[in-house]
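Working notes, structure below.
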There are 2 protein chains.
Amino acid sequence: MITANYIQRVNDYCHQQKLKLTPNRAAVLAILHKQNAPLSAYDVLAELQQQQPKTKPPTVYRALEFLIQHHFIQHIESTSRYLVSQQQESFAPHPLLICTDCKSVTQMNLSSELKLELDHFAGQQGFSLHPQSYEFQGLCASCQPRQSA
Amino acid sequence: MITANYIQRVNDYCHQQKLKLTPNRAAVLAILHKQNAPLSAYDVLAELQQQQPKTKPPTVYRALEFLIQHHFIQHIESTSRYLVSQQQESFAPHPLLICTDCKSVTQMNLSSELKLELDHFAGQQGFSLHPQSYEFQGLCASCQPRQSA
DNA sequence: ACGACCAATGTTATAATGTAACGCTCAAAT
DNA sequence: ATTTGAGCGTTACATTATAACATTGGTCGT
Ligand SMILES: [Zn+2]
Ligand SMILES: [Zn+2]
Ligand SMILES: [Zn+2]
Ligand SMILES: [Zn+2]
């Protein structure tokens with residue numbers, strides 16, 4: 001989706017939900033959407049400074065915090081990067097498959113059955129999982145060791 | 001287990017595996033084992049400096065790297081802390097349940113059935129998961145919101 | 001309209017976490 | 001005995017994130 005249209009959709013959603021998508025927040029979200037790749041906070045800062053040179057780190061971090069809280073983006077803990085959440089029916093984070101070789105990140109949809117089993121499992125320890133905030137590390141399709149022929 | 005005994009066991013294991021548990025590495029592992037809680041690299045550094053005041057960050061990070069590689073400890077990505085892995089049959093990391101409220105960390109054992117399902121699921125995207133390096137966030141038993149009576 | 005309030009932002013400074021690079025040492029291998 | 005290389009010491013720096021306080025600008029009650 002074109003970034004401008006995407007931002008418009010988020011803006012509409014925010015109106016419905018009584019959230020304020022301020023210019024700063026929209027700018028940060030637009031940068032992440034345009035790149036469509038995991039960016040560091042300082043990558044975002046550098047982009048934002050193209051538009052508003054006096055921008056300082058707290059401005060970026062505050063915007064990121066808002067966008068994370070409302071599930072427009074997710075924070076990749078293992079790489080300190082930020083990524084726009086794929087939008088399906090609604091705004092929500094997705095479990096991630098992170099390749100430890102090429103660092104690629106794939107957003108996936110866990111089957112609801114598997115989610116239930118994970119919830120059940122955590123429940124045995126008295127734990128209730130936050131939905132879908134998991135990061136799985138491994139090797140992506142391109143980085144699998146080759147079979148010897 | 002008493003830390004000295006634990007270190008002895010790790011040392012024996014390292015001999016078997018032709019790994020070198022040097023004094024630095026043993027000291028870092030002992031600190032983590034004694035505290036038995038997630039510590040930051042700089043927490044470890046401060047402890048180590050009690051014994052060897054000239055210690056610098058790279059010394060700690062190098063020891064941590066070795067200990068992680070060989071599964072004696074695990075790195076908690078979401079909090080930048082390091083934790084001794086529970087030892088069962090062998091040395092291996094455990095999936096973690098991390099409470100986002102009180103920050104407590106519980107090492108768990110995923111059923112082998114659930115592991116298979118996760119592997120199968122990731123496999124559908126062509127992904128092969130590194131075993132057991134998962135962090136799940138949620139609320140622990142003590143931090144569950146109370147039911148209204 | 002007026003002032004009180006409050007969320008968002010600006011601004012300065014610093015904290016916390018992690019690494020690059022280079023050279024030394026010592027034990028093992030040849 | 002020389003070579004080699006892993007481990008480590010050391011300096012300097014890079015990267016990620018936050019504390020603290022001042023300022024702005026809109027909303028609400030009166
Ligand atoms: Zn609007
Ligand atoms: Zn890959
Ligand atoms: Zn020994
Ligand atoms: Zn808790």
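Chain naming here is simple, since letters A, B, ... match the order of the sequence lines and numbering starts at 1 in each.
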key: Stacking of B/Y61 on C/dT19 base (centres under 5.5 Å, planes under 30°)   = no
Counting only side-chain nitrogens and oxygens, does [X] get under 4.0 Å of the OP1 or OP2 atom of [N]?
X	N	value
B/H75	C/dG18	yes
A/T22	C/dT9	yes
A/S80	D/dT16	no
A/R62	C/dA7	no

Can you check the [X] [atom1] to [N] [atom2] distance for me, whole Å?
X	N	atom1	atom2	value
B/E65	D/dC8	CD	P	12 Å
B/E77	C/dG18	CD	C1'	13 Å
A/L64	D/dT15	CG	P	18 Å
A/L39	D/dT16	CG	C1'	15 Å
A/D43	D/dA17	CG	C1'	15 Å
B/K54	C/dC24	NZ	C1'	13 Å
B/K18	D/dG7	NZ	C1'	19 Å

key: Donor-acceptor pair (no angle test) under 3.5 Å: B/Y42 side chain, C/dA15 base   = no
message = Using a 4.0 Å heavy-atom cut-off, does B/Y82 contact any base of the nucleic acid, only the sugar-phosphate backbone, or nothing at all?
response = sugar-phosphate
request  = Quick one: label B/S40 by what it contacts on the DNA or RNA (base, sugar-phosphate, nothing), any heavy atom closer than 4.0 Å.
outcome  = sugar-phosphate
Can you give the donor-acceptor pairs under 3.5 Å from side chains of residues 40-64 of chain B to other protein atoms, not counting sequence neighbours?
{"residue": "B/S40", "atom": "OG", "partner": "B/Y42", "partner atom": "N", "Å": "3.3"}
{"residue": "B/S40", "atom": "OG", "partner": "B/D43", "partner atom": "N", "Å": "2.9"}
{"residue": "B/S40", "atom": "OG", "partner": "B/D43", "partner atom": "OD1", "Å": "3.3"}
{"residue": "B/S40", "atom": "OG", "partner": "B/D43", "partner atom": "OD2", "Å": "3.2"}
{"residue": "B/D43", "atom": "OD2", "partner": "B/S40", "partner atom": "N", "Å": "2.9"}
{"residue": "B/Q49", "atom": "NE2", "partner": "B/T55", "partner atom": "O", "Å": "2.8"}
{"residue": "B/T55", "atom": "OG1", "partner": "B/Q52", "partner atom": "O", "Å": "2.6"}
{"residue": "B/K56", "atom": "NZ", "partner": "B/K54", "partner atom": "O", "Å": "3.0"}

request  = Measure the acute angle between the ring planes of B/Y82 and B/H75, then classify it against the limits of 30° and 60° as parallel, tilted or perpendicular.
outcome  = parallel
ask   = Want to settle it: does B/K20 or B/K56 sit nearer the 5' end of DNA chain D, counting the closest nucleotide to each?
value = B/K20
Selection from [options] that lies nearest to any side-chain heavy atom of [X]:
X	options	result
B/N24	C/dT9, D/dC8, C/dT11	D/dC8
A/T59	D/dT11, C/dT9, C/dG10	C/dG10
A/P58	D/dA17, C/dT11, C/dA20	C/dT11
B/R81	C/dT17, D/dT10, D/dG7	C/dT17
B/P57	C/dT12, C/dA8, C/dT19	C/dT19

inquiry  = Show, in sequence, the C-alpha distance, side-chain angles and deciding distance for B/F72 and B/Y13, and conclude whether the ring-ring contact (aromatic ring centres under 6.0 Å, His included) test is met.
reply    = CA-CA 11 Å; B/F72 302 123; B/Y13 173 84; 5.8 Å; yes
key: side-chain hydrogen bond (donor to acceptor under 3.5 Å, both in side chains) partner of B/D12, the single match among B/Q8, B/Q16, B/H15   = B/Q8
task = Please name the residue in the list A/Q74, A/Q35, A/H33 that meets the side-chain contact (heavy atoms from CB on, under 4.5 Å) test with A/V84.
result = A/H33
